[in-house]
Amino acid sequence: MNTNRQWLLAKRPHGMVGAENFEYVETPIPEPGDGEVLVRNLFFSFDPTQRGWMEDRESYLPPVQLGEPMRAGSIGQVAASNHPDYAVGDIVQTTGGWQDFVVVAPSQAVMGLTQVPDGIPPEMMMSVLGVTGLTAYFGLLDLGQPKAGETVLVSGAAGATGSVAGQIARIKGCRVVGIAGGPEKCAWLKNEAGFDEVIDYKNEDVNARIAETCPNKVDVFFDNVGGDILEAALNHINMRARVVLCGGISNYNATEPVPGPANLMNLVIMRARMEGFIVIDYMHRAEEAIGDLLNWIQNEGLIYQVDLQEGFENIPHTLQRLFTGQNLGKQLLKVADPS
Ligand SMILES: NC(=O)c1ccc[n+]([C@@H]2O[C@H](COP(=O)([O-])OP(=O)(O)OC[C@H]3O[C@@H](n4cnc5c(N)ncnc54)[C@H](OP(=O)(O)O)[C@@H]3O)[C@@H](O)[C@H]2O)c1
C-alpha cells in the first residue's frame, strides 16, 4: 500500500449524519518527524460523541475542522518510529482518525498512544476494556454509587456502555432493569447479560413499564439516551436517587434545541442528584478500571458484545448504525490485519 486513504469531514451535518458529510481522498503516506510514530490503523471505534465533534461549537474537545480526517479512536500497528518507547510492529491504541496511516506525537495525541497488552484482542481492548467500558465503570461506580439491594435502571442498555454499566450493577448486588430498542436486544439483556427486567422502548409504554419493573422505585438511573426516556425515569426516582447523565443520544441529530424534562422538580422532592461526566477526566485511573473489569470477565460472568463491520469504504455508513440502533454491542470496523 503506498497511498493513505482518508475520509475527511466535508460538510457539517444538519439532522442525521450520513455519507454526504464526508469526502473520500487518497494522499501520500506521511513521514514521522523527531519523536513521532507512524501508525497504520487496523480497527476504528465508532462513538456517538463523534456526531458532536462534527458540530462547530465549544465542547470537551475542539470540533473537527472541515477538510480534516474525521476524528476516531483506533487500534493500529507501528509502521515506523522515531520514538524510543515504540517499535515497529507494536500494537497501539490512539485517536488515529479515519485514515490508513497517521503520524502521532505521543504526548500530543488526544487520547495518547498506549501499548495494547499482549494477549488482549483488539475487540476487547476497544469495548469492555476501552472507552465505553471505562465510561460504564466510572459513571456507575463514582457517580451512581450503587449499593447492594438497590434498583438500577439503565437506558441504551444493550449498547457498549449501557450493557457494561448494567452488568457492573448486577455484580454489585443490585436489581437491574434495562431499557433498549426491540425484542432481540431485550432478549440478549435478559438471557445473556443477566438483567432482571427489560423494557422495549420501541414497543412498550416506558413510563408504565418502569413502574411495573421497579416496584421499589429507581435508586440509580444511568442515562445514555435523554429526552422522553429521561423524563419517564425521573417520574420514578427514589429518595436520594442518583441520576447519572452519561449521554443523550436521542437528541444528537436534532435540528432544533430540545426541551429538557418537564419534571425536574422531582429531583427537589426526592432530594436526588443528577450529574454529568466525561470519561477522559478518569483516564488517569484506567488501570484500576481495567483490572476490575478483567477480573469480572474472568470470575463474575461479565460479557460484552462487539458489532464488527469491515472495509474502509463502509466507514461513513457504519457511524450511522449507532443512531439507527443497528449496532449490536460495541460498534467497530476493521480495515486491515496486523502484518
Ligand atoms: N460521558 C462520557 O464520557 C461518554 C463516553 C462514552 C459514551 N457516552 C455516551 O454513552 C451513550 C452510549 O454510547 P455507546 O458508545 O455505548 O453506543 P451504543 O450504546 O453501543 O450505541 C448507541 C445506541 O443508542 C441507541 N439509540 C440510538 N438512537 C436512539 C434514540 N433516538 N432513542 C433511544 N436510543 C437510541 C441505540 O440502541 P437501541 O437499539 O436500544 O435504540 C444504539 O444502539 C451515548 O449517549 C454516548 O454519547 C458517554
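All ligand and atom numbering here is 1-based and tracks the order in the structure.
Evaluated by nearest non-hydrogen atom to atom 45 (O) of ligand 1, the leading choice among Asp307, Asn224, Asp47 is Asn224. For atom 25 (C) of ligand 1, the nearest non-hydrogen atom from the set Val164, Leu143, Thr135, Ile249 comes from Ile249. Closest heavy-atom approach to atom 9 (C) of ligand 1 among the candidates Ala254, Gly159, Cys246, Ser163: Cys246.
Residue-ligand proximity, Val225 to ligand 1, at heavy-atom distances under 4.0 Å covers atoms 32 (N), 33 (C), 34 (N). Residue Ser250 has at least one heavy-atom neighbour below 4.0 Å for each of these atoms of ligand 1: 30 (C), 31 (N), 32 (N). Taking a cut-off of under 4.0 Å to the non-hydrogen atoms of Ala160, the atoms of ligand 1 that pass are 16 (O), 18 (P), 19 (O), 20 (O). The ligand atoms of ligand 1 that sit less than 4.0 angstrom from a heavy atom of Gly325 are 36 (C), 39 (O), 42 (C), 43 (O). Set against the non-hydrogen atoms of Thr132, the atoms of ligand 1 under 4.0 Å away are 15 (O), 16 (O). Below 4.0 Å from some heavy atom of Gly247 lie the following atoms of ligand 1, by number and element: 45 (O). The Ala180 neighbourhood of ligand 1 comprises atoms 40 (O), with distances under 4.0 Å to a heavy atom of that residue.
Looking only at side-chain heavy atoms (C-beta outward), Tyr24 and Pro316 stay at 4.5 Å or farther from each other. Residues Gln6 and Thr27 form a side-chain contact, since some pair of their non-hydrogen atoms from C-beta on lies under 4.5 Å apart. Pro13 is not listed as a side-chain neighbour of Asn253, based on a closest heavy-atom distance of 4.5 Å or more. Using a 4.5 Å heavy-atom threshold, the side chains of Leu293 and Leu134 count as touching. Using a 4.5 Å heavy-atom threshold, the side chains of Val244 and Glu275 count as separate. Ile91 is listed as a side-chain neighbour of Pro338, based on a closest heavy-atom distance under 4.5 Å. Leu230 has its side chain within reach of Val243: a pair of non-hydrogen atoms, C-beta onward, lies under 4.5 Å apart.
Side-chain N or O atoms of Asp307 include none that pairs as donor or acceptor with a backbone N or O of Gly329 at under 3.5 Å.
Residues Arg209 and Glu204 are paired through a salt bridge, judged by an N-O separation under 4.0 Å between the basic side chain and the carboxylate. Using a cut-off of 4.0 Å between Lys/Arg side-chain N and Asp/Glu carboxylate O, Lys217 and Glu150 are scored as not salt-bridged. Looking at Arg285 and Asp142, a side-chain N of the basic residue comes within less than 4.0 Å of a carboxylate O on the acidic one, giving a salt bridge.
With a 4.0 Å heavy-atom cut-off, ligand 1 is reached by no atom of Gln331. Residue contacts with ligand 1 for Phe323 involve N, CA, C or O but no side-chain atom from C-beta outward (heavy atoms, distance under 4.0 Å). Heavy atoms of Val279 found under 4.0 angstrom from ligand 1 belong to the backbone as well as the side chain.
From the protein, the heavy atom lying nearest to atom 16 (O) of ligand 1 is Thr161 OG1, 2.7 Å. For atom 37 (O) of ligand 1, the nearest protein heavy atom (residue, atom name, distance) is Lys185 NZ, 3.5 Å. From the protein, the heavy atom lying nearest to atom 13 (O) of ligand 1 is Pro48 CG, 3.5 Å. Of the protein's non-hydrogen atoms, the one nearest atom 23 (C) of ligand 1 is Leu322 O, 3.8 Å. For atom 33 (C) of ligand 1, the closest non-hydrogen atom of the protein is Tyr201 OH, 3.3 Å.
Backbone and side-chain nitrogen or oxygen atoms of Gly181 are examined, and one is located within less than 3.5 angstrom of a nitrogen or oxygen of ligand 1. By the 3.5 Å distance cut-off applied to N or O atoms, Phe277 is counted among the residues near ligand 1. Where the criterion is an N or O separation shorter than 3.5 Å, residue side chain and backbone included, Asn327 meets it with respect to ligand 1. On a distance-only criterion, Ile229 and ligand 1 share no N/O pair closer than 3.5 Å. Remark: ligand 1 and Tyr252 share an N or O pair separated by less than 3.5 Å (distance only, no angle test).
The 12-atom threshold is not exceeded at CG of Asp34, counting heavy atoms of other residues, nucleotides or ligands nearer than 6.0 Å.
Between the side chains of Lys330 and Ser45, at least one donor N or O lies within less than 3.5 Å of an accepting N or O. In this model, a donor atom of one side chain and an acceptor atom of the other lie less than 3.5 Å apart for Asn263 and Asn235.
Using a 4.0 Å heavy-atom cutoff, Lys330 is absent from the residues neighbouring ligand 1. Using a 4.0 Å cutoff on heavy atoms, Gly248 counts as a contact of ligand 1. Taking a 4.0 Å cut-off on heavy atoms, Phe46 fails to register as neighbouring ligand 1.
Both tests pass for Arg5 against the ring of Phe312: distance under 6.0 Å to the centre and angle within 45° of the axis.
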